[in-house]
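In what follows, a structure is listed as structure tokens, so that the remarks can point back to it.
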Amino acid sequence: MTIAPDRHAEERGQAAWSDARLLYALEEVVDKELNRHLKVAKDWMPHEYVPWSDGRNFDGVMGGEPWAPEQSKVSDIGRTALVVNLLTEDNLPSYHHEIATLFGRDGAWGTWVHRWTAEEGRHGIVMRDYLLTSRAVDPVELENFRMAHMSAGFESDNAHSMLHSIAYVAFQELATRISHRNTGHHSGDPVCDRMLSRIATDENLHMVFYRNLLAAAFELAPDQTMCSVRDVVTGFRMPGHGMPGFERAAARMAIGGIYNLRIHHDDVLQPVLRYLKVLEIGGLGPAGLRAQEELGMYMGGLDDQARKFDERLAAREARRAARG
């Protein structure tokens, strides 16, 4: 499980932390965070969030009614985001494989891996049951997308490094929470909003776990961790980026206010960076200082991009209002 010597750490005149050494050093932190998580996490039943009385047979072997767009209670942007969010959750087997391979299946690490997987499993269950029961989306299209997405497989951008993986999930869990929360708000269906709010609560607790683990990594290996955060932030991609039609769906979600550059900067990256005071950490070596500086420059550039996006979006809305 060891990785090649890290040139950044060597520039400080220190031996690089291998993945195996970091796993051992962080075990106590994982155990502490796991116990904290189990105390605050509330079990919930997916079936309680599904409007079962709205359900009826579809066409096919049951001879029911075919799906039609007018049957859906959710908005157009809500349908797009719900499909993207569910397809992302559907890849749970691949995510479990990734983190189990990196973190192991023993001790506190293994207990967390399995607990996280079990909690995430609820999200796909309740979302699919809601979508089919309420006829929110085309079930045939949804299943075709699922088969194509899962058949293509999933490979993490950060599987080469435990520190990169911890940094990624600290941001990604928050991004997923924001996406679910905003999808609920824009769905137009209070039942959908309540369900996604419940899911978002789980995602926030998962973010806290990984964020606190990242804080401990900064104390142990500040240069390596800073370089990992820099790499993850500047190259961040959502885990569903490989699904069919993702680019077009992501563009619609950006315009619709589900997830865009402004949200990514203000509600995902900035909160984690501020909480950990990443841009204020001192005592770094040359590589860490360079990574910290590059991270700060990137965030400034991203803010500029988000401002331009906001201006284009405002102009678009002004044109629509004038035509309306």
Give me the atom names and distance for the closest heavy-atom approach of [X] to [Y].
{"X": "Ala216", "Y": "Leu26", "result": "CB-CD2, 3.8 Å"}
{"X": "Val126", "Y": "Met195", "result": "O-SD, 3.6 Å"}
{"X": "Pro271", "Y": "Leu174", "result": "CB-CD2, 4.2 Å"}
{"X": "Leu34", "Y": "Ala108", "result": "CD2-O, 4.1 Å"}
{"X": "Pro222", "Y": "Leu284", "result": "CB-CD2, 3.7 Å"}
{"X": "Met238", "Y": "Tyr168", "result": "C-OH, 3.7 Å"}

If Ile, Leu, Val, Met, Phe, Trp and Tyr residues are connected whenever their side-chain heavy atoms lie under 4.5 Å apart, and connections chain through other members, are [X] and [Y] in the same group?
{"X": "Ile99", "Y": "Leu205", "result": "no"}
{"X": "Met147", "Y": "Phe246", "result": "no"}
{"X": "Val84", "Y": "Leu132", "result": "no"}
{"X": "Leu214", "Y": "Leu279", "result": "yes"}
{"X": "Ile125", "Y": "Met150", "result": "no"}

Would you say the side-chain atoms of [X] pair up with the backbone N or O of [Y], donor to acceptor, closer than 3.5 Å?
{"X": "Gln292", "Y": "Val278", "value": "yes"}
{"X": "Trp109", "Y": "Leu23", "value": "yes"}
{"X": "Thr117", "Y": "Val113", "value": "yes"}
{"X": "Glu33", "Y": "Leu213", "value": "no"}
{"X": "Thr133", "Y": "Val50", "value": "no"}
{"X": "Asn260", "Y": "Ala254", "value": "yes"}
{"X": "Ser179", "Y": "Ala175", "value": "no"}
{"X": "Ser187", "Y": "Cys192", "value": "no"}
{"X": "Trp67", "Y": "Val137", "value": "yes"}
{"X": "Asp303", "Y": "Met299", "value": "no"}

Tell me, yes or no, whether the heavy-atom count around [X] atom [atom1], taken from other residues, nucleotides or ligands under 6.0 Å, exceeds 12.
{"X": "Asn35", "atom1": "CG", "value": "yes"}
{"X": "Met45", "atom1": "CE", "value": "yes"}
{"X": "His37", "atom1": "NE2", "value": "yes"}

Under a 4.0 Å N-O cut-off, is there an ion pair linking [X] with [Y]?
{"X": "Glu143", "Y": "Arg146", "value": "yes"}
{"X": "Arg307", "Y": "Asp310", "value": "no"}
{"X": "Arg79", "Y": "Asp138", "value": "no"}
{"X": "Lys308", "Y": "Glu311", "value": "no"}
{"X": "Arg115", "Y": "Asp43", "value": "yes"}

- Task: Please test Asn158 against Ser165 for side-chain hydrogen bond (donor to acceptor under 3.5 Å, both in side chains), starting from the C-alpha separation and ending with a verdict.
- Result: CA-CA 5 Å; Asn158 303 287; Ser165 296; 5.8 Å; no
Indicate yes or no: at least one non-hydrogen side-chain atom of [X] is less than 4.5 angstrom from one of [Y].
{"X": "Arg181", "Y": "Glu203", "answer": "no"}
{"X": "Val268", "Y": "Tyr259", "answer": "yes"}
{"X": "Val233", "Y": "Leu302", "answer": "no"}
{"X": "Arg252", "Y": "Asp76", "answer": "yes"}
{"X": "Asp202", "Y": "Trp44", "answer": "yes"}
{"X": "Asn212", "Y": "Val29", "answer": "no"}
{"X": "Phe58", "Y": "Pro66", "answer": "no"}
{"X": "Leu87", "Y": "Asn91", "answer": "no"}

Aromatic ring pairing [X]/[Y], orientation class (parallel under 30°, perpendicular over 60°, tilted between):
{"X": "Trp116", "Y": "His206", "value": "tilted"}
{"X": "Phe236", "Y": "His264", "value": "tilted"}
{"X": "Phe103", "Y": "Tyr210", "value": "tilted"}

Distance only, no hydrogens: is a donor on one side chain within 3.5 Å (strictly under) of an acceptor on the other, for [X] and [Y]?
{"X": "Gln224", "Y": "His164", "value": "no"}
{"X": "His265", "Y": "Gln305", "value": "no"}
{"X": "Glu89", "Y": "His180", "value": "yes"}
{"X": "Glu65", "Y": "Gln71", "value": "yes"}
{"X": "Gln172", "Y": "Thr176", "value": "yes"}
{"X": "Ser134", "Y": "Asp189", "value": "no"}
{"X": "His149", "Y": "Asp90", "value": "no"}

- Query: Under 6.0 Å from the six-membered ring centre of Tyr298 and within 45° of its axis: does the NZ or CZ of Arg230 meet both?
  - Reply: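 Because its charged atom misses either the 6.0 Å distance or the 45° angle limit, Arg230 does not stack over Tyr298.
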- Query: Do Trp52 and His47 make the cut of ring centroids closer than 6.0 angstrom?
  - Reply: no
- Task: Please test Val229 against Leu273 for side chain to side chain contact (heavy atoms under 4.5 Å, CB included), starting from the C-alpha separation and ending with a verdict.
- Result: CA-CA 9 Å; Val229 170; Leu273 294 176; 4.1 Å; yes
- Message: Between Arg135 and Asp54, does the salt bridge (Lys or Arg N to Asp or Glu O under 4.0 Å) criterion hold? Intermediate values first, please.
- Response: CA-CA 9 Å; Arg135 292 180 173 246; Asp54 291 349; over 6 Å; no
- With side chain to side chain contact (heavy atoms under 4.5 Å, CB included) as the test, would you mind laying out the steps for Phe209 and Val30 before giving the verdict? CA-CA 8 Å; Phe209 179 94; Val30 172; 4.0 Å; yes
